[in-house]
Protein chains: 2
Amino acid sequence: MSRSNRSAALRIEQQAQVFAALGDPTRMSLVTKLIDGKPQSISTLTAGSKITRQAVTKHLSVLENVGLVSKIKDGRESLYELDPKPLLSLQEYLQIISSQWDNALNDLKRFVED
Amino acid sequence: MSRSNRSAALRIEQQAQVFAALGDPTRMSLVTKLIDGKPQSISTLTAGSKITRQAVTKHLSVLENVGLVSKIKDGRESLYELDPKPLLSLQEYLQIISSQWDNALNDLKRFVED
DNA sequence: ATTAAATGCAACCATAATGTTGCATATTAA
DNA sequence: TTAATATGCAACATTATGGTTGCATTTAAT
């Protein structure tokens, strides 16, 4: 496999991990809760949830592992803060896919009309 | 739970499923292979892969279940075609998150400057 | 100094996801 | 009509995921 294929495979792997991290309703709502920019503690993020604090902790770790949140120790609390960079990366990816799709449609159209 | 919360939860669940469907490198590359608009058979999509045809078939089913591809029987072949609608939906979602994030940053800026 | 609150860590369980193999069936080609 | 191709179906093994419980540890409040 060429160097470029290796790094492309790496990029795909990373993107896939971010997609996977968002591929769970609990984690999507955690992201939503953090969207206002205020770092929040595990207890706060767990409040009102139907699952245990430890489950929420695991979900936060998944998000942290793909760089979607970062953890800040503050006294006895662990605050989590959103980092939207990986989301921007996904947007770019979807953008590329969409534009390629548009091109494919145009090509098809031209082919049919000729 | 209110009606609006119920349907919001449904939407989140659906979006999460699409994210999850893309959350695997094999499925991401299947999507990439189909981006030119040409429906392709399972055998074609499996060629050059390191996993078996049956594994690819399962991945295609995952994509089909969230509406990212559709299956067309043609003789003895099963052709799969990309449907980008769910991708557009994800783009919208990410767009909303991004804009809310920008708002939060602006609010914070204003707060600090006051 | 005690008590309460917030986490961390680890073991454990149930279920889902990923992949394989083997065989049956349907279509096309020779 | 025989052989080759493409797929479908089902059982199985392995590992990952999502969740729980119990207990220890650290920090804050009385």
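This structure is a prediction, so every number in the text was calculated from the model and none was measured. Numbered from 1 within each chain, the chains take letters A, B, ... in sequence-line order.
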Comparing nearest nucleotides in DNA chain C, the 5'-proximal residue of the pair B:Val62, B:Gln54 is B:Val62

Nearest to side-chain heavy atoms of [X], which nucleotide of [options]:
| X | options | result |
| --- | --- | --- |
| B:Glu77 | C:dT7, D:dT7, C:dT21 | D:dT7 |
| A:Arg53 | C:dT7, D:dT20, C:dT21 | C:dT7 |
| B:Lys71 | C:dT18, D:dG8, D:dT20 | D:dG8 |
| A:Thr52 | D:dT21, C:dT18, C:dT7 | D:dT21 |
| A:Arg76 | C:dA4, C:dT7, D:dG19 | C:dA4 |
| A:Lys58 | D:dG19, C:dT7, C:dT20 | D:dG19 |

Output every pair passing salt bridge (Lys or Arg N to Asp or Glu O under 4.0 Å) with a member in residues 31-44 of chain A, not counting sequence neighbours, ordered by first then second residue.
-> A:Asp36-A:Lys38

Taken in chain and number order and not counting sequence neighbours, the residues that satisfy salt bridge (charged side-chain N to carboxylate O under 4.0 Å, His left out) with B:Lys73 are none

Over how many whole Å does the gap from [X] atom [atom1] to [N] atom [atom2] extend?
| X | N | atom1 | atom2 | answer |
| --- | --- | --- | --- | --- |
| A:Asp24 | C:dT15 | CG | C1' | 14 Å |
| B:Asn65 | C:dA16 | CG | P | 14 Å |
| A:Tyr80 | C:dG8 | OH | C1' | 10 Å |
| A:Lys50 | D:dT20 | NZ | P | 12 Å |
| B:Leu30 | C:dT18 | CG | C1' | 14 Å |
| A:Ile51 | C:dT15 | CD1 | C1' | 16 Å |
| A:Asp74 | D:dT27 | CG | P | 11 Å |
| B:Leu60 | D:dT7 | CG | P | 10 Å |

Residue closer to the 5' end of DNA chain D, A:Gly23 versus A:Gly75 (nearest nucleotide) = A:Gly23

Taking for A:Thr26 and for B:Thr44 the nucleotide of DNA chain D with the nearest heavy atom, the one nearer the 5' end belongs to B:Thr44

Taking A:Arg53 for its side chain and A:Leu45 for its backbone only, find out whether a donor-acceptor pair lies under 3.5 Å.
-> no

ILVMFWY cluster, B:Leu87 and B:Ile35 together (side-chain gap under 4.5 Å) | yes

B:Ser43 near the nucleic acid: base, sugar-phosphate alone, or nothing, with a heavy-atom cut-off under 4.0 Å?
-> sugar-phosphate

Between CG on residue B:Leu30 and CG on residue B:Leu63, distance to nearest 0.5 Å | 6.0 Å

Determine to 10° how strongly the helix from C:dA1-D:dT30 to C:dA30-D:dT1 is bent, judged from the axes of its five-pair ends.
-> 20°

Please check if any side-chain donor atom of B:Thr44 sits under 3.5 Å from a side-chain acceptor atom of B:Ser41, or the reverse.
-> yes

Any side-chain N or O of [X] below 4.0 angstrom from OP1/OP2 of [N]?
| X | N | value |
| --- | --- | --- |
| A:His59 | D:dG19 | yes |
| B:Thr57 | D:dT7 | no |
| A:Ser78 | C:dG8 | yes |

Pair A:Ser98-B:Gln91, side chain to side chain donor-acceptor pair (under 3.5 Å): steps then yes or no | CA-CA 10 Å; A:Ser98 298; B:Gln91 274 190 300; 3.2 Å; yes

How far apart are the C-alpha atoms of B:Ser70 and B:Glu64, what are their side-chain angles, what is the distance that settles it, and do they pass the side chain to side chain contact (heavy atoms under 4.5 Å, CB included) test?
-> CA-CA 6 Å; B:Ser70 53; B:Glu64 191 183 16; 5.7 Å; no

